[in-house]
Undergrad: 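A single structure is presented below for examination.
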Amino acid sequence: MKKTFIVILGLIFSLSIMAQVEKKVIIEHFTNTKCSICASKNPALYQTLEDFPQVLHIAYHPSAPYASCIFSQHNPIQNDARAYFYDVYGGTPRAIIQGEVLLIQTPLVKDDDIESRLGLTSDFKVIMTNTQVSGIDYKVTIQIEKVSGDQEDEIFVYAGLAEKEISYNAPNGEDLHHDVYRKMIHHN
């Protein structure tokens with residue numbers, strides 16, 4: 001299994017009228033390799049994502065409703081924690097965009113869900129660098145700079161590591177899995 005890693009950075013923070021930096025649109029997707037409904041809805045999500053290459057995506061595999069999912073077993077505590085954070089634990093598939101839980105719908109994410117969030121701005125500029133140290137070891141640096149606004153804002157930063165693509169013939173029939181969450185990046 002070839003491992004290619006990407007870093008997905010999610011930020012939820014308050015905005016002011018003087019915002020200057022375009023926000024990245026982030027989709028957090030809850031799925032499971034044992035979930036047949038996921039297998040029927042995920043292809044449309046991935047097709048939509050192909051039309052929006054600027055959107056960041058990460059797929060979590062919580063332990064409920066199927067604890068035997070191979071990707072959930074890799075890191076069940078952190079996969080479940082993110083599902084609990086959004087109060088979507090126990091039901092897959094689900095999609096969250098920019099921290100907002102979408103209603104259960106077909107497709108999971110519609111073009112309008114993304115288009116309505118493109119071009120929104122933020123008071124913060126985020127710069128992420130990913131440097132290979134050796135072999136499979138990487139150093140990730142995240143710099144956050146306030147570029148506008150005159151008041152103090154409280155921000156919440158969540159950074160996770162995901163595997164870009166995994167070929168695995170899952171019990172639900174999916175063969176290719178995208179942006180599979182592996183672990184949260186901790187501050188040292």
Side-chain angles (χ1 to χ4, degrees), residues 5-15 22-35 37-66 69-118 120 122 124 126 128 130 140 142 144 155-166 170 172 174 176-186:
F5 293 100
I6 62 169
V7 173
I8 303 293
L9 174 67
L11 296 174
I12 301 170
F13 42 74
S14 59
L15 298 175
E22 188 170 337
K23 289 172 110 178
K24 282 282 189 190
V25 175
I26 300 166
I27 295 175
E28 295 177 88
H29 170 212
F30 294 83
T31 186
N32 197 287
T33 61
K34 299 267 183 162
C35 170
I37 296 170
C38 298
S40 69
K41 289 190 174 198
N42 288 347
L45 170 64
Y46 298 131
Q47 181 62 49
T48 298
L49 291 171
E50 284 182 22
D51 295 337
F52 296 95
Q54 71 275 38
V55 171
L56 298 177
H57 167 259
I58 190 165
Y60 300 95
H61 295 78
S63 63
Y66 305 100
C69 168
I70 192 170
F71 299 132
S72 175
Q73 290 177 351
H74 174 79
N75 189 343
I77 292 171
Q78 289 183 2
N79 273 287
D80 290 354
R82 201 65 182 159
Y84 281 123
F85 178 81
Y86 288 117
D87 197 24
V88 297
Y89 182 78
T92 55
R94 291 301 300 266
I96 285 75
I97 186 167
Q98 298 303 87
E100 179 185 334
V101 178
L102 297 178
L103 297 175
I104 297 172
Q105 61 185 357
T106 301
L108 283 174
V109 177
K110 297 177 181 178
D111 288 359
D112 290 347
D113 295 324
I114 295 172
E115 289 167 351
S116 66
R117 290 164 174 89
L118 292 174
L120 297 178
S122 169
F124 298 89
V126 178
M128 193 239 4
N130 183 7
V140 177
I142 301 168
I144 302 169
I155 64 171
F156 172 78
V157 177
Y158 176 86
L161 184 65
E163 197 164 343
K164 184 153 182 67
E165 291 182 341
I166 300 175
N172 68 0
E174 291 183 277
L176 188 61
H177 307 271
H178 304 273
D179 310 316
V180 176
Y181 175 78
R182 291 306 194 177
K183 65 186 263 182
M184 180 173 52
I185 298 174
H186 295 282

Undergrad: Grab the two heavy atoms, one from N75 and one from N79, that are nearest each other, plus how far apart they are.
TA: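 Looking at all heavy atoms of both residues, the shortest contact is O-ND2, 2.9 Å.
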
Undergrad: Once rounded to the nearest 0.5 Å, what's the spacing between atom CG of N42 and atom OG1 of T92?
TA: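 If I round to the nearest 0.5 Å, the distance is 9.0 Å.
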
Undergrad: State whether a side-chain donor-acceptor pair under 3.5 Å links S63 with D80.
TA: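 There is such a pair (donor and acceptor under 3.5 Å, judged by atom type) between the side chains of S63 and D80.
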
Undergrad: Using a 3.5 Å distance criterion without hydrogens, assess whether the side chain of Y86 forms a donor-acceptor pair with backbone atoms of Y89.
TA: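 No, because the side chain of Y86 does not come within donor-acceptor range (under 3.5 Å) of the backbone of Y89.
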
Undergrad: Can you find a heavy atom in the side chain of V101 that is under 4.5 Å from one in the side chain of V88?
TA: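 Result yes, sub-4.5 Å side-chain heavy-atom pair found.
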
Undergrad: Hey, are the side chains of I97 and V25 touching, using non-hydrogen atoms and a 4.5 Å cut-off?
TA: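 Contact flag for I97/V25 side chains = yes.
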
Undergrad: List the atom of I144, the atom of V157, and the distance in Å for their closest heavy-atom pair.
TA: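 Looking at all heavy atoms of both residues, the closest pair is CD1-CG2, 3.4 Å.
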
Undergrad: Distance from T31 atom OG1 to D179 atom CG, nearest 0.5 Å?
TA: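 Between T31 OG1 and D179 CG, I get 12.0 Å after rounding to 0.5 Å.
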
Undergrad: Can you give me the closest heavy-atom contact between P62 and A83, atom names plus distance?
TA: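 Answer, listing the atom of P62 first, then A83: CB-CB, 4.1 Å.
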
Undergrad: Which atom pair, heavy atoms only, marks the closest approach of F71 to H177?
TA: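 In this case the closest contact between F71 and H177 is CE1-CG, 3.5 Å.
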
Undergrad: Determine the sole option in L56, L49, V55 for which the side chain to side chain contact (heavy atoms under 4.5 Å, CB included) test with F52 is passed.
TA: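 Of the listed residues L56, L49, V55, the side chain to side chain contact (heavy atoms under 4.5 Å, CB included) partner of F52 is V55.
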
Undergrad: Determine whether the aromatic ring centres of residues H178 and H57 are separated by less than 6.0 angstrom.
TA: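 For H57 and H178, the ring centres are not under 6.0 Å apart.
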
Undergrad: Distance only, no hydrogens: is a donor on one side chain within 3.5 Å (strictly under) of an acceptor on the other, for T106 and K41?
TA: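 Per modelled atom types, T106 and K41 side chains form a pair under 3.5 Å.
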
Undergrad: Measuring from T48:OG1 to D111:CG, what's the distance to the nearest 0.5 Å?
TA: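 Going from the OG1 atom of T48 to the CG atom of D111 covers 5.5 Å.
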
Undergrad: Using every non-hydrogen atom in the two residues, find where N172 and A39 come nearest and quote the distance to one decimal.
TA: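 Closest pair (atom of N172, atom of A39, distance): O-CB, 3.2 Å.
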
Undergrad: For S72 and N32, does a side-chain donor sit closer than 3.5 Å to a side-chain acceptor?
TA: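 No.
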
Undergrad: Report yes if some heavy atom in the side chain of I27 is under 4.5 Å from a heavy atom in the side chain of I114; otherwise report no.
TA: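 Yes. Closest side-chain heavy atoms under 4.5 Å.
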
Undergrad: With a 3.5 Å distance limit and no angle check, can you tell me whether R117 reaches the backbone of D113 through a side-chain donor-acceptor pair?
TA: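 Present.
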
Undergrad: Within the side chain of Q78, is there an N or O that forms a donor-acceptor pair under 3.5 Å with the backbone of M184?
TA: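 Yes, Q78 side chain to M184 backbone: donor-acceptor pair under 3.5 Å.
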
Undergrad: Could you tell me whether R94 and E28 have a side-chain N and a carboxylate O separated by less than 4.0 Å?
TA: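 Here R94 does not pair with E28 in a salt bridge, since their nearest N and O are not under 4.0 Å apart.
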
Undergrad: Side chain of K23, backbone of Q98: donor and acceptor closer than 3.5 Å?
TA: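 Such a contact is absent between K23 side chain and Q98 backbone.
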
Undergrad: What about the rings of H61 and Y66, do their centers lie closer together than 6.0 Å?
TA: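 Between H61 and Y66, the centre distance exceeds or equals 6.0 Å.
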
Undergrad: To the nearest 0.5 Å, tell me how far R82 CZ sits from I96 CD1.
TA: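 Nearest 0.5 Å value for the CZ-CD1 distance: 8.5 Å.
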
Undergrad: Give a yes or no on whether the ring-centroid distance for Y60 and H29 is below 6.0 angstrom.
TA: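 No, ring centres 6.0 Å or more apart.
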
Undergrad: Distance check, rounded to the nearest 0.5 Å: E115 atom CD versus D51 atom CG?
TA: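 CG of D51 is found 9.5 Å from CD of E115.
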
